[in-house]
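Structure record follows, encoded as structure tokens.
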There are 2 protein chains.
Amino acid sequence: MPDSEYRDIRKLDLFAQMADDNFTSLMRGAYVQNFPAQIELVTEGEPSDFLHIVITGSVDLFSAWNGRDTSMATVRPISTFILAATIKDAPYLMSARTLEKSRIALIPSQDVRAIFDADSNFARAIVTELAQCYRSVIKAQKDLKLRTSLERLANYLLRQQRHAGGGAAFELDFEKRRLASVLGMTPENLSRAFKGLQPYGVTVTGTRISIDNQADLERFAKPNPLIDDFST
Amino acid sequence: MPDSEYRDIRKLDLFAQMADDNFTSLMRGAYVQNFPAQIELVTEGEPSDFLHIVITGSVDLFSAWNGRDTSMATVRPISTFILAATIKDAPYLMSARTLEKSRIALIPSQDVRAIFDADSNFARAIVTELAQCYRSVIKAQKDLKLRTSLERLANYLLRQQRHAGGGAAFELDFEKRRLASVLGMTPENLSRAFKGLQPYGVTVTGTRISIDNQADLERFAKPNPLIDDFST
DNA sequence: ATGGCGGGTTGACATTTATCAATTGATTTG
DNA sequence: CAAATCAATTGATAAATGTCAACCCGCCAT
């Protein structure tokens with residue numbers, strides 16, 4: 001593993017506070033690999049042998065049942081995924097596939113569990129990370145259960161806008177078909193939902209979104225930090 | 001706090017392995033209180049001052065937005081809730097209200113965080129608990145996004161049946177209106193959904209459910225451990 | 001260049017789900 | 001006991017969402 005990556009991983013909240021030699025021994029067992037796009041890294045139901053870290057590229061976490069499937073989340077650099085399965089030594093609940101060419105680090109789950117027991121700073125970081133993940137899913141669930149698809153889209157756009165710096169125009173960061181899946185609707189419906197937001201000043205050109213009337217859209221979307229704010 | 005309760009709490013996975021004096025000091029700051037039914041114990045958005053433990057009774061975790069509300073989960077004895085908010089020292093994401101007369105223990109959040117740092121067994125237990133909670137919400141989300149309301153009801157019945165011992169007949173463990181909210185539908189819809197399951201051998205009499213054709217219902221519901229099995 | 005190919009869009013339609021109003025039935029309360 | 005209350009159900013209707021088919025369009029590969 002190149003030094004720069006090693007340092008980038010070290011800087012992750014999850015690893016930043018742990019003892020040097022513990023981090024070193026975690027990394028000794030790890031390996032890093034480049035994957036092409038559309039590779040299934042992990043299949044739901046399988047034992048969770050590795051904690052994964054996305055170094056570059058992006059990964060889609062999704063799940064399937066009875067012929068249907070849905071996108072649960074997207075993992076972008078630099079962060080980890082399937083921490084909970086690793087900790088519990090339980091089967092993956094979601095599958096993961098690369099969305100583009102990606103560089104992924106894999107740390108054997110048993111090493112993570114061993115170092116967890118030995119390093120209390122690491123343990124604390126894991127707890128914080130898990131609590132964060134838990135709260136994110138709760139927010140997603142509230143989004144799903146309390147809002148219509150139009151409201152979900154409106155709030156998604158506002159979140160994405162903020163994430164992109166807050167300007168009136170910004171780019172969607174993924175394919176519309178996948179956005180539809182993330183938001184829990186069909187691509188056809190998403191297309192119509194975009195139309196449905198035109199009266200609130202939303203214009204769409206390809207992947208470019210422009211919010212022409214911020215106040216109007218916010219009045220409709222009613223964003224709420226207890227659902228839309230990912231930092232808390 | 002009576003000795004028997006003290007021992008019951010001690011037996012919780014969360015506290016079972018921690019050092020005696022740490023547990024004692026946690027409990028010293030705690031207090032136990034009886035609440036009548038329908039009391040709002042916690043309001044979403046407020047700072048999370050206490051970790052709560054349901055000793056007897058039951059508690060509904062719910063959330064509201066824009067005039068709508070939805071039931072997220074039910075907490076039954078003996079278990080804790082809002083652990084993640086306590087750990088992160090962040091606002092509650094859900095409100096909590098007693099469903100019936102309930103006895104609740106409250107442990108100051110700052111004590112939990114302090115002992116967490118001091119007791120690695122406690123820390124490990126918290127991690128396991130959080131990972132469990134996280135996985136439960138992921139399962140709930142898959143249930144919501146991948147299944148129709150009829151399928152959700154069918155699978156709920158199968159879970160409840162198993163929970164009740166596996167017999168063909170069993171009792172719903174809550175009001176239908178709240179079941180509807182948990183399953184993400186309206187009460188009217190739930191009523192119709194029960195009718196919709198009649199062809200698969202489900203009979204409803206008040207809160208009593210009878211599954212007359214197990215195989216048929218399972219063929220329809222297609223239960224899946226990665227969604228419906230709460231233990232993994 | 002051009003012929004697929006796939007994502008996106010659109011329209012027509014079916015299905016699902018919600019809403020509103022009214023009724024039933026059981027339980028509580030004066 | 002009767003009135004009041006509330007959960008549950010039912011019917012009628014509306015709104016939201018999904019499905020299917022067709023089409024457009026940009027992109028890639030031959």
Side-chain angles (χ1 to χ4, degrees), chain A residues 36-38 60 64-71 97 99-101 143-157 171-199 202-209 220-221, chain B residues 36-38 60 64-71 97 99-101 143-157 171-199 202-209 220-221:
Chain A
Q38 306 301 335
D60 182 35
W65 177 81
N66 194 27
R68 295 162 222 167
D69 64 73
T70 190
S71 214
R97 79 185 137 216
L99 288 169
E100 54 194 305
K101 199 164 164 306
D143 191 46
L144 268 175
K145 289 186 80 175
L146 291 168
R147 290 171 170 165
T148 65
S149 60
L150 202 58
E151 290 165 342
R152 288 200 296 278
L153 175 60
N155 281 291
Y156 171 82
L157 292 180
E171 297 281 330
L172 289 179
D173 62 354
F174 34 60
E175 261 187 325
K176 287 184 187 165
R177 52 181 14 248
R178 236 162 45 68
L179 174 57
S181 183
V182 168
L183 294 177
M185 55 178 127
T186 58
E188 293 96 326
N189 231 321
L190 175 62
S191 209
R192 288 168 188 131
F194 273 122
K195 289 238 163 106
L197 290 180
Q198 275 177 14
V202 174
T203 1
V204 185
T205 321
T207 61
R208 187 151 195 86
I209 307 293
F220 170 74
Chain B
Q38 306 301 334
D60 182 38
W65 177 81
N66 194 27
R68 295 161 221 168
D69 65 71
T70 189
S71 215
R97 78 185 139 216
L99 288 169
E100 54 193 305
K101 197 163 165 306
D143 192 45
L144 269 175
K145 291 187 78 176
L146 290 168
R147 290 171 171 166
T148 66
S149 59
L150 202 58
E151 290 165 342
R152 288 200 297 278
L153 176 59
N155 281 292
Y156 172 82
L157 292 180
E171 297 282 328
L172 289 179
D173 62 353
F174 34 60
E175 261 186 324
K176 287 184 186 166
R177 57 185 8 252
R178 234 161 48 65
L179 175 57
S181 184
V182 169
L183 294 177
M185 54 178 126
T186 58
E188 294 96 327
N189 231 321
L190 175 62
S191 209
R192 289 170 186 129
F194 273 122
K195 289 234 163 111
L197 290 181
Q198 275 176 15
V202 174
T203 351
V204 186
T205 321
T207 60
R208 186 150 195 85
I209 306 294
F220 170 73

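Each chain gets a letter, A, B and so on, in the order its sequence line appears, and its residues count up from 1.
At whole-Å resolution of the value, CZ in A/Arg147 and P in C/dA18 are 17 Å apart. Whole-Å rounding puts the B/Glu151 CD to C/dT16 P distance at 10 Å. If you take CD of B/Glu188 and P of C/dT17, they are 14 Å apart, rounded to a whole angstrom. Between A/Glu175 atom CD and D/dC27 atom P the separation is 14 Å, expressed in whole Å. Atom P of nucleotide D/dT9 and atom CG of B/Leu197 are separated by 13 Å, given to the nearest angstrom.
Closest approach of A/Thr70 and B/Lys145 over heavy atoms only: OG1-CE, 3.0 Å. When all heavy atoms of A/Gln38 and A/Leu99 are compared, the pair lying nearest together is NE2-O, 3.9 Å. Of all non-hydrogen atoms in A/Val182 and A/Phe174, the two that sit nearest each other are CG2-CZ, 4.2 Å.
Within 3.5 Å, a donor on the side chain of A/Arg192 pairs with an acceptor on the base of C/dG11, or the reverse. For a distance-only test at 3.5 Å, the side chain of A/Arg177 fails to qualify as a donor-acceptor partner of the base of C/dG6.
Considering only the side chain of B/Met185, C/dA18 comes nearest among C/dA18, D/dA21, C/dC20.
OP1 or OP2 of D/dT17 lies within a sub-4.0 Å distance of a side-chain N or O belonging to A/Ser149. Between D/dT17 and A/Thr186, no contact under 4.0 Å exists linking OP1 or OP2 to a side-chain N or O. Distances shown here put a side-chain N or O of B/Lys176 below 4.0 Å from the OP1 or OP2 atom of D/dT9. The phosphate of D/dG18 has OP1 or OP2 within less than 4.0 Å of a side-chain N or O from A/Asn189. Considering only side-chain N and O atoms, A/Lys195 lies under 4.0 angstrom from the phosphate OP1 or OP2 of C/dT10.
Side-chain contact between B/Val204 and B/Lys176 is present, with at least one heavy-atom pair separated by less than 4.5 Å.
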